[in-house]
Amino acid sequence: MSRLTELLSQVKLSDPQLGQDLEREFRALASRRAFGLNFERHRPEAVELPGRPVRKGDKVRICAPRGSAGPGARDLWTVRDIDRINQTADVERLSSSAEEAARRTVDLGDLVVMAEFRDIIYPGLVSTGAVKRSDTRPTHVVINGENFHALQALTFSNRGRIDAIYIDPPYNSGARDWKYNNDYVEAEDQYRHSKWLAMMERRLRIARELMRPERSVILVSIDEKEVHRLALLIEQVFPEADIQMVTSVISAKGAVRVGKFSRVEEHIFVVTLGEAKLIPWVRNMLDPIKGDAGDQQALEWLGLRRREPSSTRGARPNQFYPIFVDEATGRLQAVGNPVPDGIDRETIALPPGSVALWPLKPDGTEMLWGLTPEVLKRNWARGYVRVNRWNRTTLSGTVQYLAGGTISAITAGAIQITGKARDGSVIGTVATDDDAPPPKRVWNLASHNAEIGGTSVLSNLLVGRRFPYPKSLYAVEDILRFFITDIPDAVILDFFAGSGTTAHAVMRLNRQDGGSRRAICVTNNEVSAEEQTALRRSGLRPGDEEWERLGICDYITKPRIAAAITGKRADGTAVPGDYRFNDEFPMAEGFAENAEFFTLTYETPIAVSHNLAFQRVAPLLWLRAGAFGDRINEVPADGWMIVQAYGLLVDLDRASEFCAAMREAENATHAFIVTNDDRRYQSVSRQLPNGIEAVRLYESYLSNFRFVSGGTE
């Protein structure tokens, strides 16, 4: 039921005739559609907060008895009193009609706290784990919580600081794939489209506040079910933006639909603000380029063995030596030392599991390699050496290298490196206008196939766990590449994060160019509709440990990102398989990245005002300072504290020593100053060194972390 329909029903209860007149006029108005988007904005959404303790004054819902197949009635109640001894609560039904009002006494365990989107909230974050493999990079952040409230919390830490947003929202297929007001939206719901638009509009309006106004982009994947409505909504929310749409083939074999065209594509809206422009890459995203297929190569690889008759063993010092190759994979393992003349090469010890390649002619004549060991090692480290056409049966292959002229062309930019092969050797193409034209708006790349880049990648990372319709890792990597290639410290947000593909794609981009970009991903811990029914019948409810461990965030997102970084799956085994396309290497290598996982919490005003919730708001300060280094998790006993990225001052009588210490903090970017006195705040700010952003925190914290209706109060 839309919000207007609900209000009309309430009017009818008190004045039936007025209600009928208003309803007639409303229907006449609704039948006329002006050009543009006209939809009904529904009652503010509500979200369950399972596991949060019930408090007096809370808005709650009464759960169905354990063992029931469904979630129970949707009525909302207010907690009027709590009996902690007997673990019961007196609740009163929320209703505008006195006839419907009722009071009941129920077990506390049968209540779940509800938060409507028009309610004031005080969000916090609780860390639920972390993965760390780098001391120099910032941390990717994953937030488990309702994305509307998470976006509100991010307006404190990241307002105007997001460089790129990528989202893949629910497609509203009618297949119970998303909820509105805690209930799945069915295909036959007559308000299905307007509910979806209301849901999207609320989130896009907050997302707009987070985007960097001078230069940023939001990318939205969608299929044909809502593509036209979404286009109009985007025009309304971003009226000054440049808007384009890309059509991408995600499955060449297509989804067969009886009597209809087979669907092979999805769409991506590209919405740019300010000076944001795409940066052309070597691909136009539709046509093949050199090196895409067959034996045609963009780079000229030369055989390392010298071929002239005078280059036999002994003709030059230091150029007869073994090159050790892994027997199973054919990948270069090590470069041996030169072998003096007169030493039998068969006496050279081999590393375990390897075979030695020597510069031998087909008839067995000992020749020379074209480079000294030192030069070969240096070029190998840069990806300029490889073993080609490895034969596991005969344990033979050809060692190849890039000549000095080719390396110079790479350095000068005449040849562009587009990635690395599985063995670490570079992949590149000649950087000409013909090979790197502006990208087209229809994309057809094998790497964007949802099965190859999505399902297969995820199955390698997760043991026995499935996620419906994961996005191709390489497709998300490519769309982001066009807009953040030249921003090595970009912040990328995904608030429909699902399995965590966006964070994974950002890690790959960092590896390719040494960037330190970081992702903020928001997802929930929703359990699929089919699993929910079975879990409820077994006596479980949301909030129970057995239920929560099967939710998207805990079951898919967190283990996927942890496995991607560490190269190890949840069972401790190495991730099998290789990454493909632009950067090919074993998935077991992982990434030199960090990630931390948080759960969104809802704090009480009393706890926040008395600093009892500082541990919960501390991650928001850390996020604002760049999610780098250590975090100040407690109110400092000495009145101030400084970590790598920021400092916190709570005792202004110690401002001088705090500011002196900030001048010595080489990597600090932010100073949080707690005071209600504007004059003293300004005085401290002036003492801080240049380049430090001063942020005022009021002593009660209520003014900093109080959100309602999509914005701060």
Side-chain angles (χ1 to χ4, degrees), residues 1-9 23 26-48 61 69-76 114 116-118 146-148 151 167-207 220-237 245 255 257-261 263 265-269 468-469 471 495-496 498 523-524 526-533 552 710:
M1 182 181 295
S2 76
R3 181 59 172 159
L4 279 174
T5 307
E6 180 186 33
L7 293 173
L8 285 172
S9 299
E23 185 176 44
F26 166 66
R27 287 178 177 172
L29 179 64
S31 66
R32 297 192 297 272
R33 299 290 182 182
F35 181 76
L37 187 63
N38 182 8
F39 68 95
E40 299 167 77
R41 286 163 175 81
H42 291 258
R43 185 175 67 186
E45 299 167 61
V47 60
E48 289 185 355
R61 187 175 64 78
R74 299 292 175 184
D75 306 49
L76 295 182
M114 304 292 295
E116 289 191 290
F117 283 14
R118 57 192 169 194
E146 164 51 50
N147 59 6
F148 180 81
L151 287 170
I167 55 172
D168 181 31
Y171 287 178
N172 201 16
S173 66
R176 295 169 65 84
D177 57 353
W178 71 287
K179 286 183 175 183
Y180 191 91
N181 269 339
N182 248 13
D183 201 4
Y184 285 106
V185 178
E186 308 280 358
E188 55 272 12
D189 188 332
Q190 62 178 323
Y191 293 107
R192 176 158 63 98
H193 298 296
S194 62
K195 285 180 178 179
W196 189 87
L197 286 167
M199 180 272 294
M200 288 296 296
E201 182 186 41
R202 293 186 183 113
R203 289 154 179 81
L204 289 176
R205 290 197 180 280
I206 307 179
V220 188
S221 290
I222 200 69
D223 73 358
E224 77 276 10
K225 298 177 187 65
E226 297 290 358
V227 64
H228 304 299
R229 298 179 186 87
L230 179 59
L232 294 173
L233 178 62
I234 288 174
E235 287 188 350
Q236 290 187 179
V237 176
M245 189 183 77
R257 299 178 294 181
V258 178
K260 297 182 180 181
F261 293 110
R263 184 171 70 88
E265 84 293 344
E266 286 185 346
H267 311 287
I268 306 171
F269 281 105
Y469 312 115
K471 273 284 175 286
F495 52 91
F496 287 100
T523 186
N524 58 32
E526 187 69 50
V527 174
S528 71
E530 294 76 13
E531 289 176 314
Q532 284 195 26
T533 300
I552 294 172

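Since we're looking at a predicted model, the values are computed, not measured.
Here the straight-line distance linking atom CD1 of I268 with atom CE of M245 works out to 10.0 Å at 0.5 Å rounding. In this structure, CG on L197 lies 9.0 Å from CD on Q236, to the nearest 0.5 angstrom.
Side-chain contact check for L76 versus E116: some heavy-atom pair is nearer than 4.5 Å. Taking 4.5 Å as the limit, every side-chain heavy atom of I222 sits out of range of all side-chain heavy atoms of E266. Side-chain contact between N172 and K225 is absent, with no heavy-atom pair separated by less than 4.5 Å. Between L230 and V220 the shortest side-chain heavy-atom distance falls below 4.5 Å.
Not counting sequence neighbours, the partners of I552 by the side-chain contact (heavy atoms from CB on, under 4.5 Å) test are F467, T523, N524, E526, T557. In this view, H228 satisfies the side-chain contact (heavy atoms from CB on, under 4.5 Å) rule with no residue, not counting sequence neighbours. Under the side chain to side chain donor-acceptor pair (under 3.5 Å) criterion, E224 pairs with R257, sequence neighbours left out. Contacts of S528 classified as side chain to side chain donor-acceptor pair (under 3.5 Å), with partners at least two apart in sequence or in another chain: E531. Evaluation of the salt bridge (Lys or Arg N to Asp or Glu O under 4.0 Å) rule for R203 yields E45, E146 as partners, not counting sequence neighbours.
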Exercise. Walk me through it: do F496 and M200 pass the test side-chain contact (heavy atoms from CB on, under 4.5 Å)?
Key: CA-CA 11 Å; F496 287 100; M200 288 296 296; 4.1 Å; yes

Practice problem: Tell me, with the steps shown, if M114 and R74 meet side-chain contact (heavy atoms from CB on, under 4.5 Å). | Solution: CA-CA 11 Å; M114 304 292 295; R74 299 292 175 184; over 6 Å; no

Self-check item: Steps toward side-chain contact (heavy atoms from CB on, under 4.5 Å) verdict (V227, F269)
Solution: CA-CA 9 Å; V227 64; F269 281 105; 3.8 Å; yes

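Between the side chain of R61 and the backbone N or O of P71 there is at least one donor-acceptor pair closer than 3.5 Å. The backbone N or O of E265 sits less than 3.5 Å from a side-chain atom of R263, completing a donor-acceptor pair.
Nearest heavy-atom pair, M199 versus P170, reported as atom, atom and distance to 0.1 Å: CE-CG, 4.0 Å. For S221 against D168, the heavy-atom pair with the smallest separation is CB-OD1, 3.6 Å.
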